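Below is one structure, written out as structure tokens; comments come after it.
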Amino acid sequence: MTTGLTGGVKRIDHVAIVVRDLETALRFYRDTLGIAPSRVLDFPSESVKIAFLPLGGPGGSEIELLEPLGSESGIARFLEKRGEGLHHICLEVEDIDRALRELQEAGAAVLDTSPRPTAEGRGIFLHPKGTNGVLLELIQRKN
Ligand code: CO
């Protein structure tokens with residue numbers, strides 16, 4: 001594929017950071033930097049608690065702080081193995097089903113065979129081996 005995804009990539013949707021404890025992390029992101037969380041919610045299907053820190057107003061991006069719930073989730077294993085830090089970058093696309101199809105046709109290292117429900121809409125992940133070392137998520141936001 002040389003022309004890219006139909007509809008292109010719209011924007012950086014969020015940057016996700018794994019933290020050991022949300023309240024502790026918020027002391028820096030909220031209290032020192034001054035980014036007010038728009039919401040904090042449990043997302044049980046991924047065994048994670050998320051604080052959303054919006055930047056740049058409508059159409060801006062977010063920092064998401066991810067705290068694992070329990071010790072069995074992917075995020076918990078990430079924290080055990082690698083410690084706190086950058087987990088993934090997420091880009092917004094118009095149509096996630098079409099993007100997935102086009103990525104599969106292009107032979108991209110897509111980790112999902114169908115879009116999964118996420119906190120923001122529906123998304124897929126691409127393996128870091130195909131993205132120069134960054135776990136990359138693509139999502140279509142729910143309206
Ligand atoms: Co994400």
Side-chain angles (χ1 to χ4, degrees), residues 4-143:
L5 297 177
T6 306
V9 172
K10 293 164 85 170
R11 51 194 271 284
I12 295 176
D13 188 276
H14 60 269
V15 172
I17 299 169
V18 174
V19 304
R20 203 166 288 284
D21 178 70
L22 268 188
E23 261 319 304
T24 308
L26 284 170
R27 280 184 219 150
F28 174 70
Y29 286 95
R30 179 191 58 209
D31 302 341
T32 305
L33 288 182
I35 312 170
S38 58
R39 55 198 175 124
V40 177
L41 59 81
D42 286 359
F43 196 66
S45 73
E46 301 286 339
S47 297
V48 73
K49 185 174 181 181
I50 310 174
F52 296 86
L53 302 167
L55 295 160
S61 299
E62 290 181 316
I63 294 173
E64 291 183 6
L65 303 177
L66 312 179
E67 177 194 318
L69 295 171
S71 55
E72 296 306 307
S73 67
I75 299 293
R77 286 194 301 273
F78 178 97
L79 187 61
E80 267 326 293
K81 256 175 73 178
R82 322 233 326 235
E84 296 184 307
L86 178 66
H87 186 261
H88 65 270
I89 293 174
C90 179
L91 305 176
E92 186 190 5
V93 297
E94 198 174 81
D95 182 333
I96 194 65
D97 300 288
R98 184 176 65 202
L100 174 58
R101 218 164 40 240
E102 291 180 352
L103 287 165
Q104 287 169 330
E105 283 163 12
V110 187
L111 290 168
D112 296 287
T113 49
S114 63
R116 62 174 94 183
T118 74
E120 309 82 11
R122 294 163 60 235
I124 59 173
F125 281 95
L126 285 100
H127 194 282
K129 75 183 179 197
T131 61
N132 302 82
V134 180
L135 180 62
L136 193 67
E137 181 182 24
L138 297 188
I139 63 156
Q140 175 182 347
R141 283 206 161 246
K142 52 188 165 220
N143 312 316

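Counting starts at 1 for both ligands and their atoms, in listed order. The structure displayed is predicted, hence computed values, not measured ones.
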Study note, to complete from the structure: Those residues at least two apart in sequence (or on a different chain) that pass side chain to side chain donor-acceptor pair (under 3.5 Å) with E120 are T118

Exercise for review: Give every protein N, O or S atom lying under 2.8 Å from the Co ion (ligand 1), naming each by residue and atom.
Suggested key: H14 NE2, H88 NE2, E137 OE1

Practice item. Output the distance between atom CG (D112) and atom CG (L100), rounded to the nearest 0.5 Å. Key: 7.5 Å

Check your understanding: Between the side chains of E64 and H87, is a donor N or O closer than 3.5 angstrom to an acceptor N or O?
Key -> no

**Study point:** Over 12 non-hydrogen atoms of neighbours within 6.0 angstrom of CG in L33
**Key:** yes

Review point. Quick one: salt bridge (charged side-chain N to carboxylate O under 4.0 Å, His left out) pairs with a partner in residues 11-22, sequence neighbours left out?
Key: R11-D13, R11-E92, D13-R141

Check your understanding: With sequence neighbours excluded, what pairs up with D42 under the salt bridge (charged side-chain N to carboxylate O under 4.0 Å, His left out) test?
Key -> none

